Amino acid sequence: MQSTSVKKILTTDPSSQEVVVNGWVRSFRNDRFINLNDGSTLKNVQCVVDAENTGEDLLKQISIGAALRVKGTLVESEGSGQKVEIQVTDIFVHGTANSEEVKRTVLSPKKHSLEFLRSQAHLRIRTNTFGTIMRVRSALSFAIHQYFNQNGFNYFHAPIVTGSDAEGAGEMFRVTTLDDQNPPLTDDGKVDYKQDFFGKETNLTVSGQLEAEAYAMGLGKVYTFGPTFRAENSNTSRHLAEFWMIEPEMAFYDLPANMDLAEDFIKSVITYVLDNCMEDLEFLQKRLLDEEKQKPQAERSEMPLIEKLRFVADNSFKRVTYTEAIDILRNSKPNKKKKFKYPINEWGADLQSEHERFLVEKHFKCPVILFDYPAKIKAFYMRLNEDGKTVRAMDILFPGIGEIVGGSQREERLDVLKSKMAELNIPEEELWWYLDLRKFGTAVHSGFGLGFERLVLFATGMGNIRDVIPFPRTPQNAEF
Ligand code: 4AD
Ligand code: MG
């Protein structure tokens with residue numbers, strides 16, 4: 001007989017029909033009530049065992065963490081808290097879980113710290129919190145593909161191994177098959193990468209953008225959604241060494257069109273989660289409220305999670321130039337009172353996350369799109385403005401997160417791009433193909449990158465990026 005998911009069972013009208021369900025035991029009370037969870041939903045299904053007709057050996061094998069197949073009749077529940085329950089007629093134990101050993105794991109039924117849960121990343125998915133986060137993560141990625149699919153984009157697979165290290169988005173992880181003890185050397189004693197697998201130095205990609213630009217100039221509108229690697233030694237709650245990025249790239253889009261798309265896209269995927277993940281969001285909201293009760297009043301967030309998501313989905317993002325933002329920051333209370341770690345004194349300063357969060361959380365109190373940044377603090381490929389000192393860059397800043405999107409209109413003029421590369425000592429040979437795009441039918445084009453885990457952080461209200469990716473990779477940490 002085919003098994004049914006717990007999610008389906010919980011919404012089925014009980015009429016004493018026979019059902020089979022597989023799952024893991026979350027609790028077993030009085031040798032009678034098994035709460036079974038299969039990951040399809042936050043909720044468990046209650047399975048009522050007739051102890052008298054169940055052998056003692058079998059009863060002993062039913063304990064927290066064990067995997068079972070339960071067969072029984074679906075009836076209206078007599079207990080409160082659930083509509084239906086299964087009156088068990090047959091149990092098959094897929095795998096037991098030793099009760100003594102369970103005590104040292106995150107499966108043991110008590111509140112565990114997120115740090116402890118991280119140390120058992122292979123088991124934490126069996127907790128309510130992580131089941132919830134990962135279902136929301138999955139729903140968000142579906143919503144992302146759906147959004148682009150419905151808006152005429154082609155899904156483009158950017159290479160993971162890259163031979164160009166010119167983008168400058170971050171430190172890179174080298175990919176090599178050379179013997180690390182005894183690598184071949186050139187005449188001047190350097191490692192000879194000509195003899196390496198690809199015949200040149202290669203790394204894991206920090207962004208699929210440059211390749212996406214090539215494809216946008218043929219397919220029109222493309223997006224990537226894939227893993228991205230940065231070997232920065234950033235031990236923050238917002239950085240991973242391996243994260244997932246969504247990078248749309250559009251021919252014939254200027255910066256305002258790029259901003260419109262980014263805003264519409266983010267609102268759309270947040271709306272999807274509000275429409276499809278309410279049970280999980282309610283759980284996360286309650287979790288957050290409980291957590292906030294421990295904090296001093298001043299640090300508590302002003303809006304409960306669901307209200308915050310609705311607010312973002314329903315209100316316009318504030319669009320502000322870098323120059324306006326610097327004026328606001330320069331005259332702000334924390335700047336005058338020297339509360340910023342990096343004081344803002346002059347135009348041209350790079351913005352730190354303390355500044356971004358001040359703008360979003362204290363000043364504007366809504367998501368902000370900052371644009372027209374100084375050329376000096378942004379990447380070489382961004383389009384230079386008429387003023388000769390700012391570029392058509394945009395960053396989207398989110399409450400509680402800081403930068404969630406980085407993007408720009410790209411420099412489509414060959415001569416301007418070449419002189420910028422010369423200024424930054426980027427050799428033309430390395431990006432000859434990228435320059436070609438400006439020689440053959442160049443056109444205005446734009447794109448951006450959204451850090452997927454930062455979006456999941458925002459949607460779940462979690463505080464640490466290590467808790468919204470299944471197996472986080474951070475400095476000194478690749479255990480699982
Ligand atoms: O601002 P970034 O570096 O932009 C780019 O890589 C461009 N090539 C994107 C483009 O225009 N196609 O990164 C984009 C976003 C950031 O705003 C942030 O959300 C996320 O990627 N991000 C990280 N997320 C987690 N861990 C890290 N180490 C991240 N670095 C960037
Ligand atoms: Mg950025």
Side-chain angles (χ1 to χ4, degrees), residues 141 143-170 205-228 243-266 268-269 369 371-373 378-385 391-396 404-418 420-421 426 428 430-452 455:
S141 48
I144 287 164
H145 285 298
Q146 179 175 262
Y147 178 87
F148 286 120
N149 185 270
Q150 288 175 349
N151 285 279
F153 281 72
N154 285 292
Y155 182 25
F156 158 71
H157 297 103
I160 305 283
V161 174
T162 172
S164 56
D165 67 352
E167 206 206 330
T205 188
V206 292
S207 157
Q209 178 198 321
L210 303 192
E211 289 88 355
E213 282 185 55
Y215 265 61
M217 300 313 275
L219 283 175
K221 296 198 285 188
V222 298
Y223 73 103
T224 72
F225 186 174
T228 311
F243 64 100
W244 288 64
M245 185 154 57
I246 297 106
E247 295 185 276
E249 191 69 35
M250 300 75 64
F252 315 116
Y253 271 50
D254 61 6
L255 191 70
N258 198 22
M259 292 192 223
D260 290 345
L261 175 78
E263 182 170 342
D264 186 56
F265 161 58
I266 294 176
S268 159
V269 297
I369 311 184
F371 64 99
D372 284 354
Y373 279 75
K378 288 292 182 188
F380 76 96
Y381 51 71
M382 298 188 179
R383 194 182 195 282
L384 191 64
N385 277 316
V391 287
R392 304 244 80 191
M394 65 146 182
D395 277 5
I396 302 186
I404 195 164
V405 162
S408 64
Q409 186 177 320
R410 321 304 189 188
E411 186 54 78
E412 84 285 13
R413 298 163 297 183
L414 183 64
D415 52 335
V416 183
L417 185 59
K418 272 185 166 176
K420 182 75 198 214
M421 285 168 62
I426 302 172
E428 286 185 20
E430 214 172 284
L431 286 176
W432 62 272
W433 60 270
Y434 189 70
L435 289 167
D436 257 8
L437 302 174
R438 276 75 182 164
K439 286 184 197 161
F440 307 110
T442 192
V444 167
H445 65 291
S446 298
F448 62 85
L450 171 89
F452 183 53
L455 178 69

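For clarity, every value in this text was computed on a predicted model and none was experimentally measured.
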How long is the straight-line distance from [atom2] of [Y] back to [atom1] of [X], given to the nearest 0.5 Å?
| X | Y | atom1 | atom2 | result |
| --- | --- | --- | --- | --- |
| F380 | L417 | CZ | CG | 6.0 Å |
| L435 | M421 | CG | CE | 4.5 Å |
| E211 | H157 | CD | NE2 | 14.0 Å |
| L210 | Y215 | CG | OH | 14.5 Å |
| I426 | Y434 | CD1 | OH | 10.0 Å |
| D436 | L431 | CG | CG | 11.0 Å |

*Yes or no on side-chain contact (heavy atoms from CB on, under 4.5 Å) for I266 and V405, after CA distance, side-chain angles and deciding distance?*
CA-CA 10 Å; I266 294 176; V405 162; 4.1 Å; yes
What is the minimum heavy-atom distance between [X] and [Y], and which atoms define it?
| X | Y | result |
| --- | --- | --- |
| A216 | A251 | O-CB, 3.5 Å |
| P248 | F153 | CB-CE2, 3.9 Å |
| S207 | T205 | O-OG1, 2.7 Å |

Taking C-beta and beyond as the side chain, do [X] and [Y] meet within less than 4.5 Å on heavy atoms?
| X | Y | value |
| --- | --- | --- |
| Y381 | S408 | yes |
| I144 | F452 | yes |
| Q209 | R410 | yes |
| D372 | R392 | yes |
| T442 | L437 | no |
| I396 | F448 | no |
| L455 | V269 | yes |
| Y373 | D395 | yes |

_Just checking Y223 against Y155, ring centres under 6.0 Å apart?_
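When the ring centroids of Y223 and Y155 are compared, they turn out to be within the sub-6.0 Å range.
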*Decide if the gap between the ring center of Y253 and the ring center of H445 is smaller than 6.0 angstrom.*
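They do not qualify: ring centres at least 6.0 Å apart.
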Donor-acceptor contact present, side-chain [X] to main-chain [Y], <3.5 Å:
| X | Y | result |
| --- | --- | --- |
| N258 | D254 | no |
| N154 | V222 | no |
| E411 | R383 | no |
| K420 | M382 | no |
| T228 | W244 | no |
| E247 | T224 | no |

*Residue pair F148, F265: steps toward the ring-ring contact (aromatic ring centres under 6.0 Å, His included) verdict*: CA-CA 8 Å; F148 286 120; F265 161 58; 4.8 Å; yes
*May I ask you to check whether over 12 heavy atoms, not counting those of F225, lie within 6.0 Å of atom CZ?*
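Yes - once you tally the heavy atoms of other residues, nucleotides and ligands closer than 6.0 Å, there are more than 12.
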*asked:* Salt bridge check, K418 against D415: does any charged N sit closer than 4.0 Å to a carboxylate O?
replied: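 Looking at D415 and K418, the cut-off is not met.
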_Let's go through L261 and M250 carefully: what are the C-alpha distance in whole Å and the side-chain angles of both, what is the deciding distance for side-chain contact (heavy atoms from CB on, under 4.5 Å) to 0.1 Å, and is it a yes or a no?_
CA-CA 10 Å; L261 175 78; M250 300 75 64; 3.6 Å; yes
